[in-house]
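What follows is a set of notes on a single structure, which appears directly below.
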Amino acid sequence: MAAVPGSVADILATRAGEAMELNDRYLNPQLGRIVRTLGFDRVWTGGEGAHLIDSAGTRYLDLVCGYGTFAVGRNHPGVIAALHELLDAHSANLPQIGVSVLAGALAQELVARAPDRIAAMVPANTGTEAVECAMKLARAATGRPRILYASHAFHGLTLGSLSLNGEEQFREGFGPLLPGCDPVAFGDLDALRSELARGDVAAFIIEPVQGKGVNLPPDDYLAGAQQACREHASLFVCDEVQTGLGRTGRFFALEHWNLDPDMICVAKALSGGFVPIGGVLVSAEVRSRVFDGMERGVRHGSTFGTNDMAAAAGLVTLAVIEREGLVARAAAMGELLLELTRPLVERYEIVRDVRGLGLMWAIELGPPERRRRKAVWNLVERAQPGLAAQLIVVPLFHRHRVLCQVAGHRINVVKALPALVVEEAEIRRFAAALEDVVARADRMGGAVGRLGWDMARGSAHALRR
Ligand code: PLP
């Protein structure tokens with residue numbers, strides 16, 4: 001397409017270098033400061049598969065994956081083709097007082113992949129909206145007020161979902177949050193049972209693997225939680241916004257424990273990363289209890305919920321996942337990644353744990369024993385608890401062209417969510433790069449020490465204000 005001045009193609013081709021300036025002026029300058037402090041301010045100009053590409057043409061292994069949205073790889077040609085097809089079809093999108101075919105077809109495909117209890121989908125546009133929807137449906141279906149969530153949960157940042165997030169960093173300044181939302185310790189069945197026993201719980205909402213920290217549940221926890229919910233007539237809801245669509249080596253993570261929830265939240269990867277998308281897969285019973293008469297037929301919904309772009313992207317993304325065998329691939333690549341990185345726990349003082357399921361992976365770090373090394377660590381941690389993980393993330397980016405993220409609740413966790421199409425060679429490259437930066441951080445030698453000092457100073461400026 002010829003670049004018309006002012007067109008999207010023109011902006012992409014000629015103004016990419018202005019991204020940071022535009023962000024700082026019109027979007028989020030504090031994000032800009034964080035990115036610059038870490039030295040991550042590349043001019044990004046493209047993406048392909050598991051990689052981001054900068055203006056110099058350098059490819060970075062992208063283990064943030066748009067926070068898990070690019071599971072089928074960035075700019076998947078099959079999804080692009082389907083979206084072109086849809087636009088060229090000039091479809092009868094969003095009739096609103098009427099129905100269209102693509103959203104129904106997407107619901108049909110998702111229901112076919114879900115456990116038996118699931119019979120329908122209530123569309124949404126994002127992960128947080130799916131969670132909000134599940135909260136509303138749970139209250140309406142049970143007539144009960146309370147929603148339980150696990151400690152360290154992350155379900156989104158709108159007011160309802162935020163009420164299911166115990167972390168002060170997110171909650172502070174936004175209260176009062178929704179009443180009736182109460183935490184229970186992740187993994188503690190007795191705590192859950194005693195809350196359920198009060199008889200006023202609409203639902204327990206849980207991520208099968210927690211995204212913040214990549215926390216895996218104890219063996220019998222999720223099945224036990226589901227059973228306890230059933231015994232007390234509370235709904236059991238799996239938030240698979242991050243874990244769904246193959247990420248953990250099964251289509252839904254809940255399959256690892258043979259769960260059969262009343263609702264499942266999906267979003268993120270479902271559109272191949274192209275358009276916002278979300279939905280709640282629900283049992284027939286939940287649907288019929290909430291939408292229980294014509295006068296209550298539209299009591300929950302959203303203008304863009306059934307839009308054709310999202311549904312088309314969802315349909316083709318499901319087809320790509322199947323055609324390219326991405327679920328099995330995630331399982332195999334995830335096993336390889338664990339096999340290559342688990343030995344770091346034995347080899348390096350600062351490595352406390354390496355864990356993961358499929359291609360949801362994390363390494364947890366702790367302070368070194370020796371005094372001088374510990375001093376650097378403490379300096380960084382005093383500036384901001386959890387910042388020491390950047391001693392791994394920053395050199396991974398600069399020395400090895402690997403983009404990953406910190407993801408913990410005041411603990412030092414580095415997380416990786418590779419695209420499910422990631423090549424074995426790239427997994428091996430990441431594991432080798434990781435060992436290189438972990439070994440350097442373990443010694444807290446010259447360069448890492450200086451980085452720690454710079455970060456402590458930089459973050460004090462960039463992150464506190
Ligand atoms: N639920 C889980 C488990 C998530 O990981 C996230 C986002 O990271 C959300 C909900 C919120 O999704 P969104 O950012 O699309 O609102």
Side-chain angles (χ1 to χ4, degrees), residues 67-68 124 126-139 145-172 174-196 201-218 221-226 228-229 234-244 247-248 252-254 256-257 259 261-268 278 280 355-357 360 362 364 386 405-411 413 415 417:
Y67 291 146
T126 60
T128 196
E129 205 188 298
V131 171
E132 299 268 346
C133 171
M135 294 170 79
K136 281 182 70 183
L137 299 187
R139 283 181 167 177
R146 290 173 74 218
I147 312 277
L148 301 179
Y149 65 95
S151 54
H152 307 305
F154 186 93
H155 296 286
L157 294 178
T158 52
L159 217 48
S161 314
L162 185 60
S163 308
L164 308 181
N165 180 334
E167 204 192 340
E168 214 30 49
Q169 179 202 344
F170 291 115
R171 294 169 73 105
E172 190 202 340
F174 296 111
L177 300 183
L178 211 57
C181 296
D182 296 313
V184 287
F186 181 68
D188 185 343
L189 266 184
D190 290 338
L192 175 64
R193 284 199 193 99
S194 81
E195 289 294 333
L196 291 169
V201 173
F204 174 50
I205 300 189
I206 181 89
E207 302 153 85
V209 179
Q210 292 191 314
K212 283 268 161 197
V214 185
N215 300 317
L216 294 158
Y221 176 60
L222 294 174
Q226 175 179 282
C229 285
S234 303
L235 300 177
F236 179 66
V237 182
C238 288
D239 179 350
E240 294 252 13
V241 165
Q242 188 163 147
T243 52
R247 171 59 58 194
T248 70
F252 287 118
L254 58 84
H256 290 285
W257 302 275
L259 304 172
D262 300 283
M263 290 190 258
I264 306 169
C265 301
V266 292
K268 284 197 193 279
V280 185
R355 53 183 177 261
L357 193 60
M360 199 168 171
E364 185 172 334
Q405 63 176 125
V406 300
H409 272 72
R410 304 177 78 84
I411 52 169
V413 172
K415 172 177 171 184
L417 292 178

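In this structure a side-chain-to-backbone donor-acceptor pair under 3.5 Å is present from D262 to F236. Side chain of S151 to main chain of F186: a donor-acceptor pair is present (N/O by atom type, distance under 3.5 Å, no hydrogens or angles). For T128 (side chain) and G156 (main-chain N/O), no donor-acceptor pair under 3.5 Å exists by modelled atom type. The backbone N or O of G211 lies less than 3.5 Å from a partner atom in the side chain of K415, making a donor-acceptor pair. Remark: side-chain polar atoms of E240 are paired, donor with acceptor, to backbone N or O of L254 under 3.5 angstrom.
Heavy atoms only, all atoms of each residue included: Q226 and P261 are closest at OE1-N, 3.7 Å. Scanning all heavy atoms of the two residues, the minimum distance from P179 to R139 falls at O-NH2, 2.9 Å. When all heavy atoms of L162 and R171 are compared, the closest pair comes out as O-NH1, 3.8 Å. The shortest heavy-atom contact between P208 and A253 is CB-CB, 3.9 Å. Smallest separation of non-hydrogen atoms from C265 and A134: SG-CB, 3.9 Å. Across every non-hydrogen atom of L189 and A225, the tightest pair is CD2-N, 3.4 Å.
Contact of the E364 side chain with the R355 side chain is registered, since non-hydrogen atoms from C-beta on lie closer than 4.5 Å. For the pair N165/L157, a side-chain contact is recorded, criterion being any heavy-atom separation below 4.5 Å from C-beta on. Counting only heavy atoms from C-beta outward, the side chains of P183 and L148 never approach each other to under 4.5 Å. By the 4.5 Å heavy-atom criterion applied to side chains, V131 and M135 are counted as neighbours. Contact of the S234 side chain with the R146 side chain is not registered, since no non-hydrogen atoms from C-beta on lie closer than 4.5 Å. For the pair L192 and L196, the minimum side-chain heavy-atom distance is below 4.5 Å. In this structure, the side chains of W257 and P217 come closer than 4.5 Å at one or more pairs of heavy atoms. For the pair E207 and Q242, the minimum side-chain heavy-atom distance is 4.5 Å or more.
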Next item on the list: Could you walk me through whether I264 and V280 pass side-chain contact (heavy atoms from CB on, under 4.5 Å), step by step?
Entry: CA-CA 6 Å; I264 306 169; V280 185; over 6 Å; no
Next item on the list: Kindly indicate, with the supporting measurements, whether the criterion side-chain contact (heavy atoms from CB on, under 4.5 Å) is fulfilled by L357 and L216.
Entry: CA-CA 8 Å; L357 193 60; L216 294 158; 3.8 Å; yes
Next item on the list: Would you sort out whether Q210 and F154 count as a side-chain contact (heavy atoms from CB on, under 4.5 Å), showing the intermediate values?
Entry: CA-CA 7 Å; Q210 292 191 314; F154 186 93; over 6 Å; no
Notebook entry, point to check: Does the pair L164 and I205 meet the rule for a side-chain contact (heavy atoms from CB on, under 4.5 Å), with working shown?
Noted result: CA-CA 9 Å; L164 308 181; I205 300 189; 3.9 Å; yes
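Distance SG/C229 to CD1/I206: 9.5 Å, rounded to 0.5 Å. One finds the CD atom of E132 at 8.5 Å from the OG1 atom of T126 (value rounded to the nearest 0.5 Å). A distance of 10.0 Å separates CD1 in I147 from CG in D182, rounded to the nearest 0.5 Å. For the atom pair NE2 (H155) and SG (C181), the distance works out to 10.0 Å, reported to the nearest 0.5 Å.
No side-chain donor-acceptor contact under 3.5 Å links T248 and T243. Side-chain contact, E129 with T158: no donor N or O sits under 3.5 Å from an acceptor N or O.
Ring-centre distance between F204 and Y149: not below the 6.0 Å cut-off.
Within a 6.0 Å radius of CD in E172, other residues, nucleotides and ligands contribute 12 heavy atoms or fewer.
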